[in-house]
Every structure is written in structure tokens, then in C-alpha cells.
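Heads up: the structure comes next, in C-alpha cells.
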Amino acid sequence: TASIRVHGYGVINTAVNYSVGFLKKKLEVVAEFLADESVKSRLLAEQQWMEGRPAYTWARAVETARFIRRLGAGRDGVTFLDKLRQVLTQIGNSLGYVRMVRT
């Protein structure tokens, strides 16, 4: 609150605008991952498997995670599934930050 008194409420708008830009970039990364043909075909197969079933089983989730993990890893050795987890965590943290700053 002291920095808001010193710099004014414009700081909040700047922080929120920066966060929105950050979120836009991260959502583009998620969209790119989901648009990959291997991932898309697996998710469509999972959707068909779910039709008529009341719940998604743990065994099926583990099998899907193994499939996506087999797609490989980036240059840094982190699997694409783990990179997706990191990006989703960053998105959640950014949304939490924006909510905190706005209140």
C-alpha cells in the first residue's frame, strides 16, 4: 500500500496490463501444444472413450500421461507434459496475482 501511495493507482493498471500480456503469451503456448496433431488425436480419442462413462479413471489418465511423455522433451531435457504443467502453473499464478493486485 505504501508504493501505491507514492506512485498512485496507475501502478496497478500497469501491473495488470503487463500480466494480461504475459497471460496472452502463455495461452498461445498452451494452444500451440493442444494443436499438435499427436496431442489433438490423443485428446479426441480420450473424448470418445469418455462418452457414456461416468468418470475418467486413474489408469486411463496415467496411460495418457505416458503417451504424451513419449512425445519427447525439449532441448533442456524437460518433457513436453512437464513444460505444459509449468505453463499452466504460471497461468494460475498470474491470475492469482491479478486478483490480489485488483483488491
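Under the salt bridge (charged side-chain N to carboxylate O under 4.0 Å, His left out) criterion, no residue pair touches residues 89-103, with sequence neighbours excluded. Each salt bridge (charged side-chain N to carboxylate O under 4.0 Å, His left out) pair with one or both residues in residues 28-41, not counting sequence neighbours, appears once here: Glu37-Lys40.
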Original post:
Yes or no on side chain to side chain contact (heavy atoms under 4.5 Å, CB included) for Glu63 and Arg42, after CA distance, side-chain angles and deciding distance?
Top reply: CA-CA 11 Å; Glu63 182 182 329; Arg42 180 60 185 220; 3.5 Å; yes
Report task. Dump the intermediate steps for side chain to side chain contact (heavy atoms under 4.5 Å, CB included) on Thr89 and Gln86, then the final yes or no. Result -> CA-CA 5 Å; Thr89 300; Gln86 291 171 355; 5.7 Å; no
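Linking Ile, Leu, Val, Met, Phe, Trp and Tyr residues whenever their side-chain heavy atoms come within less than 4.5 Å leaves Val87 and Val98 in two separate clusters. Met50 and Leu44 fall into different hydrophobic clusters, defined by Ile, Leu, Val, Met, Phe, Trp and Tyr side-chain heavy atoms under 4.5 Å apart, directly or through other members. Cluster annotation: Ile12 and Leu95 are assigned to distinct hydrophobic clusters (Ile/Leu/Val/Met/Phe/Trp/Tyr, side-chain heavy-atom contacts under 4.5 Å, transitive). Leu34 and Ile68 fall within a single hydrophobic cluster, where Ile, Leu, Val, Met, Phe, Trp and Tyr side chains are chained together by heavy-atom contacts under 4.5 Å.
Nearest heavy atom pair, residue Val30 against residue Leu88, reads CG2-CD2, 4.0 Å. When all heavy atoms are compared, the tightest approach of Ser38 to Leu71 is CB-CD2, 3.7 Å. The minimum heavy-atom distance between Leu84 and Phe33, with the atom names listed, is CD2-CE2, 3.4 Å.
Contact of the Lys83 side chain with the Val29 side chain is not registered, since no non-hydrogen atoms from C-beta on lie closer than 4.5 Å. Between Phe22 and Gln90 the shortest side-chain heavy-atom distance falls below 4.5 Å. Side-chain atoms of Tyr97 and Val101, non-hydrogen and from C-beta on, do get closer than 4.5 Å to each other.
Annotation: cation-pi pair Arg53/Trp49 present, NZ/CZ under 6.0 Å from the ring centroid and within 45° of its normal.
Other residues, nucleotides and ligands place more than 12 heavy atoms under 6.0 Å from the OH atom of Tyr56.
Side-chain atoms of Asn17 come within 3.5 Å of backbone atoms of Asn13 as a donor-acceptor pair (strictly under, hydrogens ignored).
Residues satisfying the ring-ring contact (aromatic ring centres under 6.0 Å, His included) criterion with Phe67, sequence neighbours excluded, are absent altogether.
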